[in-house]
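Nothing here was measured: the structure is a model prediction, and the numbers come from that model. Each chain gets a letter, A, B and so on, in the order the sequences are listed, and its residues count up from 1.
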There are 2 protein chains.
Amino acid sequence: MVFLRGRLDPKARTEMATHIPEVVILRLPSYLRALTLLEEGNAGVVSSQELGARLQMTPAQIRKDLSYFGKFGKQGKGYNVSQLLGELRQILGLDRDWSVALIGVGRVGKAILDYGDLAPRGFQVVAAFDRDPELIGKVVGGLVIQDIADLAATVKDRGIAIAIIAVPPSQVQQVIDCVVRCGIKAILNYAPVAAQLPKDIRLREIDPVLAMQTMTYYLKTLSSS
Amino acid sequence: MVFLRGRLDPKARTEMATHIPEVVILRLPSYLRALTLLEEGNAGVVSSQELGARLQMTPAQIRKDLSYFGKFGKQGKGYNVSQLLGELRQILGLDRDWSVALIGVGRVGKAILDYGDLAPRGFQVVAAFDRDPELIGKVVGGLVIQDIADLAATVKDRGIAIAIIAVPPSQVQQVIDCVVRCGIKAILNYAPVAAQLPKDIRLREIDPVLAMQTMTYYLKTLSSS
DNA sequence: GTGTGTGAATGTTTTCACAGCG
DNA sequence: CGCTGTGAAAACATTCACACAC
């Protein structure tokens, strides 16, 4: 009676490359961050137990996550901190620097240029763009602000792979379209609006209000104390 | 769906409580944001289809998410935009303003005070704290910077429910301990470090580097440019 | 003993597919 | 018809539990 339309046949599905769950990729950077701290504290080895305690997650989850990529631990001992750090950096493609373009040099954009944590952690902001003629040509944070029309050429020249968007909400969609046309495949969006984009482009959002709005639901209930 | 009214003994409450998956709560604010945009564009109604297209998610997921809280749509028509907005605001506890304390008034802290998007969206930064005697007493963004020792009293006085933390990494753990002791149950952490905290405290992180590190994994593979 | 790596079991989330309403 | 609301099914993610290595 019920027949299925257009499903992927089971065999083709099985033959597909080992797909690593996105949730796992999302967690790896926190492992990296925790391990960096451990290394600074001169910890030589760490168990999934200990790492789990620091990150408030189960040891099993950490072991399972890592097992997608290889066997990095030693039984009875744990993981060598600096070796695991190296492995994770390589897995995440962080054994190199990445060039980043900043689009939008208003208040938020300037704060991002000022923020000194990007470069030491491997993300170099190598170009800044705006569409305001008043700003173009000015120097901010050691960068000459360029016309957004130059984006395509600069992306090619400087090997830019990631764009940070910090323009007003009303301009976000057109800027994203432009950035995507220039071949950028990863976007960090500071503007508090959703945008349309091809599914092969990665997007992450930084919106403090959104983050707080996910917490108020839980605050609501405990307000009777 | 039965809404709880009036007082219930803890047992009945526990047995009745419909536990709503956290992923659902995490998505509601994006619905809110999309609907706000639709309302500004004078859209009267929206279908799960249309909303899904804007947010790049399936209509079924949106319908299912909303169904945890009630029946807000009309068959054959869709959802009334402003009515659904109202419902979501109420669900998330956003039918009121929230008072926020900023801890740490360095570069990042100042940028947060400057950022004009918090207040219009319902989050009032009503107090700022630092431990640096040079800063205490100075005025930034209309707020007199207070000694962090005054936090407990101010939290009580001003009904502060959320803390934004923007202190250097090395101070994060002690500041979080302090904030928790003061009765704060929700924290937005801008410092790029993990911290220990009781499981009944909500924490969200803003770390642009972490966000970018979750994308480089995917960039790695397509680097044939 | 201690702690990894991993199939198998369990739990959770998403998607399907359709009854029923406007 | 078109679209919601929703049980049921499928897909996905986490946790368990134990063989095995140090």
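For residues 18-29 of chain A, the pairs satisfying salt bridge (charged side-chain N to carboxylate O under 4.0 Å, His left out) are A/Glu22-A/Arg202, A/Glu22-A/Arg204, A/Arg27-A/Asp65, with sequence neighbours left out.
Remark: P of C/dT14 and CE of B/Met57 are 8 Å apart, rounded to the nearest angstrom. When the C1' atom of D/dG5 is taken as reference, atom CZ of B/Phe72 falls 12 Å away, rounded to whole Å. As rounded to whole Å, 17 Å separates atom P of C/dG1 from atom CD of A/Gln49. Per the geometry, CZ belonging to B/Phe69 stands 13 Å off P belonging to D/dT6, to the nearest Å. Rounded to a whole Å, the CG atom of B/Leu51 is 14 Å from the C1' atom of D/dC3. Protein atom CD of A/Glu87 is 11 Å distant from nucleotide atom P of C/dG5, rounded to whole Å. Rounded to whole Å, atom C1' of D/dC12 lies 15 Å from atom CD1 of A/Ile20. Rounded to whole angstrom, the span from the NZ atom of A/Lys74 across to the P atom of C/dG1 amounts to 23 Å.
At D/dG2, none of the side-chain N or O atoms of B/Tyr79 fall inside 4.0 Å of OP1 or OP2 (strictly under the cut-off). Contact check, B/Ser48 against D/dC3: no side-chain N or O comes under 4.0 Å of OP1 or OP2. Checking the phosphate oxygens (OP1, OP2) of D/dT14, a side-chain nitrogen or oxygen of A/Gln61 falls inside 4.0 Å. Side-chain N/O atoms of B/Gln75 include none lying less than 4.0 angstrom from OP1 or OP2 on C/dG20. The side chain of A/Thr58 places no N or O atom within less than 4.0 Å of a non-bridging phosphate oxygen (OP1 or OP2) of D/dT14.
Applying the side-chain contact (heavy atoms from CB on, under 4.5 Å) rule to A/Leu37 yields the partners A/Glu40, B/Val193; only residues at least two apart in sequence or on another chain are considered.
Between A/Gly109 and A/Leu102, the shortest heavy-atom distance links the atoms O-CD2, 3.5 Å.
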Please tabulate the protein-to-nucleotide N/O contacts below 3.5 Å involving nucleotides 6-9 of chain C, giving atom names and distances.
residue	atom	partner	partner atom	Å
C/dT6	OP1	A/Lys71	NZ	3.3
C/dG7	N7	A/Lys64	NZ	3.4

Let me have the donor-acceptor pairs involving side chains of residues 45-62 of chain B, under 3.5 Å, with sequence neighbours excluded, atom names and distances please.
residue	atom	partner	partner atom	Å
B/Ser47	OG	B/Glu50	N	3.1
B/Ser48	OG	B/Arg63	NH1	3.3
B/Thr58	OG1	B/Gln61	N	3.2

Show me the donor-acceptor pairs, under 3.5 Å and distance only, between side chains in residues 69-94 of chain B and residues at least two apart or in other chains.
residue	atom	partner	partner atom	Å
B/Asn80	OD1	B/Ser82	N	3.0
B/Asn80	OD1	B/Ser82	OG	3.3
B/Asn80	OD1	B/Gln83	N	2.9

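Side chains of A/Val209 and A/Pro192 form no contact here, defined as non-hydrogen atoms less than 4.5 Å apart.
Of the residues in residues 22-33 of chain B, none lies under 4.0 Å from DNA chain D by heavy-atom distance.
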Intermediate values then yes/no, side chain to side chain contact (heavy atoms under 4.5 Å, CB included), A/Arg121 and A/Arg33: CA-CA 10 Å; A/Arg121 292 169 77 193; A/Arg33 217 170 58 171; 3.8 Å; yes
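Put simply, the residue from B/Val172, B/Ile164, B/Asn189, B/Val175 that forms a side-chain contact (heavy atoms from CB on, under 4.5 Å) with B/Ile103 is B/Val175.
Within the model, atoms CG of A/Leu28 and CG of A/Leu66 stand 7.5 Å from one another, a figure rounded to the nearest 0.5 Å.
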